[in-house]
Amino acid sequence: MGGSSKNEVQKISVLIVDDDPLVRRVEGMLLKRYGLETKAVANGKEAVDMFLAGNSYDLVLMDMEMPVMDGPKATRMLRGMGVSCMIVGVTARDDEAEKAAFVAAGLDFCWEKPLSAQGVVAILDDLTKKLL
């Protein structure tokens, strides 16, 4: 069966954190096209709970506005727990001050919804550099 040139990409695990089930499904399908393993949860508390349970991910795609626990609070909590993986904010908000506050919570950077194939490639490029 021969090796794949995407072996490293296939090992990347991603946690998708978004309260919209359609967004979770679309982002999951998009990421799986690139051979990534995905898990999806509906809010920031569930994301924090995943890490508290001992799970780890290479990348977290974090929505900004969610019920129960929003993205900025979850990001601050994850960073406070010592989580060092790449956390990328994904938001439909276009207010630069709000996005800057989200990034200040501990994001690596913030991306606008909807996440596109170009966005995934850019994120994976940055992630690959971080992992090497």
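Keep in mind that what you see is a predicted model, and the values were worked out from it rather than measured. All values below come from the heavy atoms of this structure, side chains included, with hydrogens, waters and symmetry mates left out.
- Counting heavy-atom neighbours within 6.0 Å of Lys113 NZ, excluding the residue itself, gives a total above 12.
- We find that Lys99 and Glu112 are joined by a salt bridge, their nearest charged nitrogen and carboxylate oxygen being less than 4.0 Å apart.
- For the pair Arg25 (side chain) and Met29 (backbone), a donor-acceptor distance under 3.5 Å is absent.
- Across all non-hydrogen atoms, the minimal contact from Ser56 to Ser13 is O-OG, 3.7 Å.
- Here the CG atom belonging to Asp63 is positioned 10.0 Å from the CZ atom belonging to Arg24, to the nearest 0.5 angstrom.
- For Glu98 against Met64, the heavy-atom pair with the smallest separation is O-CE, 3.2 Å.
- Taking each heavy atom of Gly71 and Phe102 in turn, the nearest pair found is C-CE1, 3.4 Å.
- Other residues, nucleotides and ligands place no more than 12 heavy atoms under 6.0 Å from the CE atom of Met77.
- With Arg79 contributing its side chain and Gly106 its backbone, the two residues share a donor-acceptor pair below 3.5 Å.
- Atom CG of Leu31 is separated from atom CD1 of Ile16 by 5.0 Å, given to the nearest 0.5 angstrom.
- The minimum heavy-atom distance between Cys110 and Val103, with the atom names listed, is CB-CG2, 3.8 Å.
- The CZ atom of Arg76 lies 10.0 Å from the CG atom of Leu107; values are rounded to the nearest 0.5 Å.
- The distance from the CD1 atom of Ile123 to the OG1 atom of Thr128 is 11.5 Å, given to the nearest 0.5 Å.
- Between Asp95 and Ala97 the shortest heavy-atom distance is OD1-N, 2.9 Å.
- Each of Val90, Leu78, Asp18, Val88 was evaluated against Met62; a single residue qualifies, Leu78, per the side-chain contact (heavy atoms from CB on, under 4.5 Å) test.
- Using a 4.0 Å cut-off between charged side-chain N and carboxylate O, Lys130 and Asp58 make no salt bridge.
- Residue-environment remark: CG (Asp125) exceeds the threshold of 12 foreign heavy atoms within 6.0 Å.
- Note that CG of Leu15 and SG of Cys85 are 8.0 Å apart. Values are rounded to the nearest 0.5 Å.
- A donor-acceptor distance shorter than 3.5 angstrom exists from the side chain of Asn55 to the backbone of Met50, with no hydrogens or angles considered.
- No donor-acceptor distance shorter than 3.5 angstrom exists from the side chain of Asn43 to the backbone of Met66, with no hydrogens or angles considered.
- Minimum heavy-atom separation, Ala105 to Pro72: CB-O, 3.6 Å.
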